[in-house]
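Quick caveat: nothing in here was measured; it's all calculated off a predicted structure. Index from 1, following the sequence.
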Amino acid sequence: RLPWLVAQDDDARVLGFAYASHHRVRRAYRWACDTSVYLDAPATGRGVGTALYAELLPAVAGLGYVQCFAAIALPNDASVALHRAHGFEQLGVYRDVGYKLGAWRSVAWFQRTLVDPPAQPAEPRAWDT
């Protein structure tokens, strides 16, 4: 139902990917989505994340989504900068909520309004690949 994108170099090597997913399963939240961007380490700092978000965010807005959220495992200065550059604002931090790479990680939550919330929103449409 929601977009997913893959960035490749000229040799068809995957540099990164981005996708949107449903924010919550309850019907009232159907106009909100979560977004994720993942980059291969050599692709960071080369504009790949920006290119992916330049396609993904307008795509989800065009489907009728109003808000999008992003969760960033901390520390991750590059991801925080990417999201801020694309209009996301930090909402808060879930402290020590995930365990990976041998340590507890806090997760910062960010939000971006895609379009002004309409008084009577139309149903979000499915993405057509």
Asker: So how far is it from Asp77 CG to Arg84 CZ, rounded to the nearest 0.5 Å?
Answerer: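 Going from CG on Asp77 over to CZ on Arg84, the span is 10.0 Å.
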
Asker: Would Leu2 and His22 count as a side chain to side chain contact (heavy atoms under 4.5 Å, CB included) if you check the C-alpha gap in whole Å, the side-chain angles of each, and the deciding distance to 0.1 Å?
Answerer: CA-CA 8 Å; Leu2 287 160; His22 295 285; 3.9 Å; yes

Asker: Can you tell me how far the CH2 atom of Trp109 sits from the CG atom of Leu91, to the nearest 0.5 Å?
Answerer: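 Rounded to the nearest 0.5 Å, the CH2-CG separation comes to 9.0 Å.
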
Asker: My understanding is that only residues two or more places apart in sequence, or in another chain, count here; which of them pass side chain to side chain donor-acceptor pair (under 3.5 Å) with Arg30?
Answerer: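 Per chain and number, Arg30 pairs via side chain to side chain donor-acceptor pair (under 3.5 Å) with Glu123.
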
Asker: Could you please spell out the steps behind the ring pair (Phe, Tyr, Trp, His ring centres under 6.0 Å) verdict for Tyr99 and Trp104?
Answerer: CA-CA 4 Å; Tyr99 187 84; Trp104 284 99; 5.3 Å; yes

Asker: Which heavy atom of Val93 sits nearest to which heavy atom of Ser106, and what is that distance?
Answerer: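 Closest heavy-atom pair between Val93 and Ser106: CG1-CB, 3.8 Å.
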
Asker: Mind checking what makes side chain to side chain contact (heavy atoms under 4.5 Å, CB included) contact with Val48, not counting sequence neighbours?
Answerer: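 Partners of Val48 by the side chain to side chain contact (heavy atoms under 4.5 Å, CB included) criterion, ordered by chain and then number, come out as Ala7, Leu15, Leu39, Ala43, Arg46, Leu52.
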
Asker: Nearest 0.5 Å please: distance from the CG atom of Leu82 over to the CD1 atom of Ile72.
Answerer: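 Nearest 0.5 Å value for the CG-CD1 distance: 8.0 Å.
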
Asker: Relative to the ring of His83, is the ring of Tyr53 parallel (under 30°), tilted (30 to 60°) or perpendicular (over 60°)?
Answerer: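 Aromatic pair Tyr53/His83 classed perpendicular.
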
Asker: Not counting sequence neighbours, which residues clear side chain to side chain donor-acceptor pair (under 3.5 Å) with Arg24? List them please.
Answerer: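 By the side chain to side chain donor-acceptor pair (under 3.5 Å) rule, Arg24 matches no residue at all.
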
Asker: Heavy atoms only: give me the nearest Leu57-Cys68 pair and the separation to one decimal.
Answerer: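 Reported closest heavy-atom pair: CD2-SG, 3.8 Å.
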
Asker: Would Gln111 and Glu89 count as a side chain to side chain contact (heavy atoms under 4.5 Å, CB included) if you check the C-alpha gap in whole Å, the side-chain angles of each, and the deciding distance to 0.1 Å?
Answerer: CA-CA 5 Å; Gln111 179 178 1; Glu89 296 179 4; 5.8 Å; no

Asker: Membership question, hydrophobic clusters at under 4.5 Å side-chain separation (ILVMFWY): are Tyr29 and Phe110 in the same one?
Answerer: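 Result: no, two separate clusters.
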
Asker: Is atom CH2 of Trp4 surrounded by more than 12 heavy atoms (other residues, nucleotides or ligands) closer than 6.0 Å?
Answerer: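 No, not enclosed.
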
Asker: Go through the steps for Thr35 and Phe69 under the test side chain to side chain contact (heavy atoms under 4.5 Å, CB included), then give the verdict.
Answerer: CA-CA 6 Å; Thr35 58; Phe69 298 89; over 6 Å; no

Asker: How many angstroms lie between NE2 in His23 and CG in Asp34, if you round to the nearest 0.5 Å?
Answerer: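 Nearest 0.5 Å value for the NE2-CG distance: 5.5 Å.
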
Asker: Are more than 12 heavy atoms from other residues, nucleotides or ligands located less than 6.0 Å from atom CD of Gln90?
Answerer: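 It does: Gln90 CD has more than 12 such atoms within range.
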
Asker: Kindly give the heavy-atom pair with the smallest separation between Asp9 and Asp11, and that separation in Å.
Answerer: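 Nearest heavy atoms, Asp9 then Asp11: OD1-N, 2.9 Å.
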
Asker: Locate the shortest heavy-atom distance separating Ala70 from Phe88; write the atom from each residue and the value.
Answerer: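 For Ala70 and Phe88, the tightest heavy-atom pair comes out as CB-CE2, 4.0 Å.
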
Asker: Could you pull out the closest heavy-atom pair between Trp31 and Pro124, with the gap in Å?
Answerer: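 Closest heavy-atom pair between Trp31 and Pro124: NE1-CD, 3.4 Å.
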
Asker: When rounded to the nearest 0.5 angstrom, what is the spacing between CG in Leu63 and SG in Cys33?
Answerer: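 With rounding to 0.5 Å, CG (Leu63) is 9.0 Å from SG (Cys33).
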
Asker: For Ala41, is there any backbone N or O sitting under 3.5 Å from a side-chain donor or acceptor partner on Thr44?
Answerer: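 The answer is yes, because a donor-acceptor pair under 3.5 Å joins these two groups.
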
Asker: Among Val6, Asp40, Val37, Leu56, whose side chain to side chain contact (heavy atoms under 4.5 Å, CB included) with Phe17 holds?
Answerer: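 It is Val6; the other options fail the test.
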
